[in-house]
Amino acid sequence: MLKMKGITKTFPGVKALENVDFEVGSGEVHALIGANGAGKSTLMKVLAGAYGGYEGDIFINNRKVTINNPIDAKHNGIVIVYQEVDTALVPHLTVAENIMMDYIIQQKNVFMNWKKIRRFAKQEIEALGLDINVNRLVSGLSLSEKQMVLIGRAFFHKAKYLILDEPTAPLSVEETEKLFEIVRKIKNEGISVIFISHRLDEIFKICEKITVLKDGKNVGTFNTEDLTIDQAVEKMLGRKLENTYPKVEAVAGDTLLEVRDLSGTGGVKNVNIKVRAGEIIGLAGLVGGGKTELCKLLFGEGKITDGKIILEGKNTTPKTPTDAVENGLALVPEERRKEGIFVNETVETNITLPTLKSYCRGIFMNKGKIKKVSCENIKKVGIKTPGEKELVRNLSGGNQQKVAIGKWLLSVAKVFIFDEATKGVDVGSKAEIYELIGGLVKQGKGVIYASCEFSEILGLTDRVYVMYNGTIAKELITKETTEEELLYYSAGGGLNGE
Amino acid sequence: MGSNGKKFDLFNFLYKYGTIIVILAAVLFFSLTLENFMNFSNITNIFRSVSIVALIGLAITMSLTISGFDLSVGAIAGFASVIAAKFMVVWEMGPIPAIIVPLLVGILIGCVNAFFIIKMNIADMLTTLSMMFLLTGISITFQNGSAIYNFMPLPNLGGIAPGTMSKAFLYIGQGKILNIPVPVIIMLVVAILAHLFLNQTKYGRYLYMIGSNEEAAKLSGIPINRYKLIAYMMSGFIAALGGLVLGARLGSGEVNAGAPYLMDAVAAAYIGFSVFGIGKPNAFGTLIGALLMGVLLNGLIMMDFPYYSQDIVKGIVLVLALSLTYYKRKE
């Protein structure tokens, strides 16, 4: 039996976990649920030793243990399988080598006993009831097979507590079924499984107990049979959040952008949406629901296999982001540092890049004009920077995001796509970003706002499309919906009933 | 704390001006100890000796701006010299095709490099390494195994080569305008054009942005593949130009003559990162990098430093320059 008592974890400026108790029995499949930022992953990372320190006590079979690093965790039989399976695997080694990695590192012999390694690995794979050739390279495996390899590795470590962090988000229905079979099998071996997931329907299928976290606190632990999906959603949300969004009342005009039966990379299937001028459209959905993939596909990043994107009545299905920009689209991507900004360049260079052509005489840049435009824009967007020549990496997260947004405000784009625009942004900057978005719709632009924070969707948008599994599960009028309803549909709730 | 602050300032000062200080110090030292160092002919000599390294270094700089790498530039230069020599010496053509065709071939090779890097997704270093081997092989086959020069014996008892290297062509490598060697003028012109291109035009800005963050560049609407192609085409073109200067100076065509310049050119381009603390590939820096090595080697040779020990100097200069650039990035 594993028991966490009074766990508190503080990051600079944030209390991620506050006095959380959590208990898992042997051979139990236990779900950990909560909205984004509730502290599920943080709690499990504490248990897996991913952070150096924590306050509180951890007991295993009533014996107090200290877990300061992943090795401590392993010694205590705790193994975590993260959603990003690739970080824990070596792609160009075989399945056998990956499963037996610790054995290989720790063995005392100079020479490898490949036969033994393969035999052991094969035993683990077979014990899980799997059919993977242990001589295959991990790089050639599917995502679900990679998960299996990691579970096999945990099995070889004689893990007693297996943590699965959002394991099903990238899996297909059949793959999910297969994973559940394995979970049932290891449960029968007396191993406890802690299951983090956003998909409530799955949790109700496979877990015996559910612990709900909210804002870093434990709301309660329940037997699955005592709870309905609706009740679980209520517990995750707690009381309703106040509305702190400066809603701009803009009059919606004609249809600007129409997406018809769009399918493509990233599992986007049959998406139909419409954006009118002066309208903010919400794309609500949980992590892994396909929002980011859809945003990128609209912007020409990825391969469109079917369907059309029509802008102002013209078919403008883009092949590349360059096409999309030329057609009048702008994207503020989710991964700011990776995709949105150039951290080692100046603010000026960043915000004038998409529109650089307009500040050139022939092929030569007009540096005076670039400077002037930058300074104006920095003021307009409210970027707090010592000057236009400051490197973007020296700015705060919120100001970096304003740079990522600001670079499009100079363009003539008609439809703006925001993907998790306020992720990792402080409260003050959030409000300023909402104001910028409000300013856009006032000018008659269309806005698509993708977010997994439903309070934000409710406060900001006019209409919402809820995404689940790469497709639009439901279209709702923001005024007439609630956070419960959004969470219900984005967790796949409406699919069984309708 | 006080001493820490002082140390930090010193580093920042060295980061910005270290390379320049080393050059000035070297010039000062050599001109005080060597009486012939500062005279006009020795200075032009230094400039001429670095012209080919600088040109090939500028070619590499182009690929470095997009965070790429072009290892084939030495082979392109050698191949260009062979094509020019064969056109004139064996096929008796005039200087015009002997100049234009190698330059076009250089651009074409850049396209092929870009194709494999962009479409086949092979790492730039490996693509251009393959290209280096391929070009060296093609070139040696094309020159029938040996260098091409005036009055060379033709294979299979074909007598003596009918043509000669044209005077106009040799002028590229050996001529002087107002007492300044033509290779030096070409080097300076290319360096200035490359500098203008990279720093004053939108295209240059796009190249740097791709090198800085390819994904963000793509999502800003920059057609990244097109500009990567342009970078490799320019690399091929400038390398071929360097090859023509080389061929004209030697008065012969030999692919292996280009090979030794590759590593020196890489060094020049990377030393260039540190010039004025720019921290990224740049045309002016590459020129300074080449000159720095040229000054040091010239002075040391005049002081009877053994020529076979030159690489020690290059190694030390390079690692110091790289330390300045990369230690700064680590912060």
Side-chain angles (χ1 to χ4, degrees), chain A residues 295-296 299-302 318-346 348-367 370 391-394 400 403-404 407-408 410-411 413 417 419, chain B residues 12 15-16 64-67 118-119 121 123 126 192-231 234 273-274 276-283 325-331:
Chain A
C295 289
K296 287 207 171 157
F299 199 64
E301 168 76 337
K319 285 201 182 70
T320 63
T322 313
D323 291 348
V325 172
E326 269 168 27
N327 294 339
L329 259 59
L331 170 70
V332 178
E334 181 189 14
E335 298 280 339
R336 175 170 63 231
R337 290 179 73 89
K338 223 174 95 200
E339 305 169 331
I341 51 174
F342 303 84
V343 286
N344 290 322
E345 304 291 340
T346 62
E348 180 185 272
T349 305
N350 268 277
I351 57 176
T352 52
L353 186 64
T355 45
L356 192 62
K357 275 180 213 157
S358 348
Y359 327 121
C360 287
R361 280 197 211 98
I363 62 167
F364 289 99
M365 295 185 284
N366 180 345
K367 293 207 169 162
I370 289 177
L391 296 185
V392 168
R393 68 162 168 214
N394 298 333
Q400 289 184 353
V403 171
K407 71 178 189 184
W408 292 114
L410 293 165
S411 76
I417 306 168
D419 190 6
Chain B
N12 251 353
Y15 175 67
K16 278 202 166 145
L64 289 178
T65 55
I66 53 155
S67 272
I118 297 164
K119 293 289 173 195
N121 212 14
L126 300 178
I192 290 167
L193 288 179
H195 181 82
L196 285 177
F197 177 79
L198 289 176
N199 292 293
Q200 301 298 329
T201 72
K202 56 185 176 187
Y203 305 125
R205 174 70 55 94
Y206 293 156
L207 293 184
Y208 278 129
M209 291 301 112
I210 292 168
S212 177
N213 184 344
E214 190 173 321
E215 196 59 31
K218 182 158 63 167
L219 292 180
S220 299
I222 298 174
I224 54 169
N225 290 345
R226 186 195 305 165
Y227 287 102
K228 280 174 148 179
L229 170 68
I230 287 173
M234 294 184 71
F273 279 37
S274 69
F276 290 134
I278 293 168
K280 52 187 182 188
N282 66 95
T325 304
Y326 285 92
Y327 185 76
K328 178 79 177 179
R329 279 195 197 172
K330 198 178 137 198
E331 277 179 8

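Note on naming: letters A, B, ... go to the chains in the order of the sequence lines (proteins, then strands), and numbering restarts at 1 for each one.
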Residue part contacting chain B, namely of A:R337, when any heavy atom lies under 4.5 Å
backbone

Who passes side chain to side chain contact (heavy atoms under 4.5 Å, CB included) against B:S212, sequence neighbours left out?
A:F342, A:E345

Contact leader toward chain B among A:I363, A:N366, A:L329, A:L331, where contacts are heavy-atom pairs under 4.5 Å:
A:I363

Contact class of B:Y206 relative to chain A, heavy atoms under 4.5 angstrom:
side chain

So do B:Q200 and A:K367 actually touch side chain to side chain, heavy atoms under 4.5 Å?
yes

Can you tell me if B:T201 uses its side chain to pair, donor with acceptor, with the backbone of A:F364 under 3.5 Å?
no

If you measure from CZ on B:R226 to OG1 on A:T322, what distance do you get to the nearest 0.5 Å?
7.0 Å

Restricting to non-hydrogen atoms, name the atom on B:G221 and the atom on A:V325 that form the minimum distance, rounded to 0.1 Å.
CA-CG2, 3.6 Å

With a 4.5 Å cut-off on side-chain heavy atoms, are A:L353 and B:I222 touching?
yes

Given B:N199, B:N225, B:L196, the one with more heavy-atom pairs under 4.5 angstrom with chain A than any other is B:N199

Applying a strict 4.5 Å limit to non-hydrogen atoms, the region of A:T349 in contact with chain B is both

At a heavy-atom separation under 4.5 Å, does A:K407 approach chain B through its side chain, its backbone, both, or neither?
side chain

Can you say whether A:I341 sits under 4.5 Å from chain B via the side chain, the backbone, both, or neither, judging by heavy atoms?
backbone

So do B:R205 and A:T352 actually touch side chain to side chain, heavy atoms under 4.5 Å?
yes

More than 12 heavy atoms of other groups within 6.0 Å of B:K202 NZ
yes

Among B:P223, B:G279, B:S220, B:G204, who wins on heavy-atom pairs under 4.5 Å with chain A?
B:S220

Heavy-atom contact with chain B under 4.5 Å, split by part of A:T355
neither

